[in-house]
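Notes follow once the structure below has been shown.
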Amino acid sequence: MGNLGLTEILTIGGALLIFFGPSRLPSLGKSLGQSIHEFKKAGRALTAEATDRAE
C-alpha cells in the first residue's frame, strides 16, 4: 500500500462511503478490480511482445 497508514486508509474509506453510499461500494470495487486486471493483462502482453521482438 505504499506509505499509507491505517488512519489514511480509514479516512479514504470513510470518504468513499459518504460519497458513494454503501449500496454502490461493491460495484465500485468490482469495476476497479476488473480495470486493474485488464491493465495488468495488457502489460503482460506488451512485455511478451517486446521479449519476442528482442529474440
Side-chain angles (χ1 to χ4, degrees):
M1 291 297 288
N3 293 330
L4 292 178
L6 182 60
T7 306
E8 289 89 359
I9 292 172
L10 290 176
T11 303
I12 292 169
L16 288 173
L17 189 60
I18 290 170
F19 287 129
F20 295 108
S23 61
R24 277 193 66 198
L25 281 182
S27 63
L28 186 66
K30 181 179 178 182
S31 297
L32 180 63
Q34 288 175 342
S35 299
I36 291 171
H37 176 74
E38 289 297 321
F39 184 74
K40 287 183 178 181
K41 184 176 163 184
R44 285 190 299 266
L46 287 173
T47 302
E49 184 178 330
T51 304
D52 290 343
R53 286 186 181 195
E55 292 177 349

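Residues: numbered from 1 along the sequence shown.
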Show which side-chain atoms of residues 4-15 pair as donor or acceptor with protein atoms under 3.5 Å away, not counting sequence neighbours.
| from | atom 1 | to | atom 2 | distance (Å) |
| --- | --- | --- | --- | --- |
| E8 | OE1 | G5 | N | 2.9 |
| T11 | OG1 | T7 | O | 2.8 |

Tell me which donor-acceptor pairs under 3.5 Å the side chains of residues 27-47 have, and how far apart each pair is, sequence neighbours excluded?
| from | atom 1 | to | atom 2 | distance (Å) |
| --- | --- | --- | --- | --- |
| S27 | OG | R24 | O | 2.9 |
| S31 | OG | S27 | O | 3.0 |
| S35 | OG | S31 | O | 2.9 |
| T47 | OG1 | G43 | O | 2.9 |

message: Which Ile, Leu, Val, Met, Phe, Trp or Tyr residues join I18 in one cluster when any pair of side-chain heavy atoms under 4.5 Å counts as a link?
response: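 Its cluster partners, ordered by chain and number, are none at all.
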
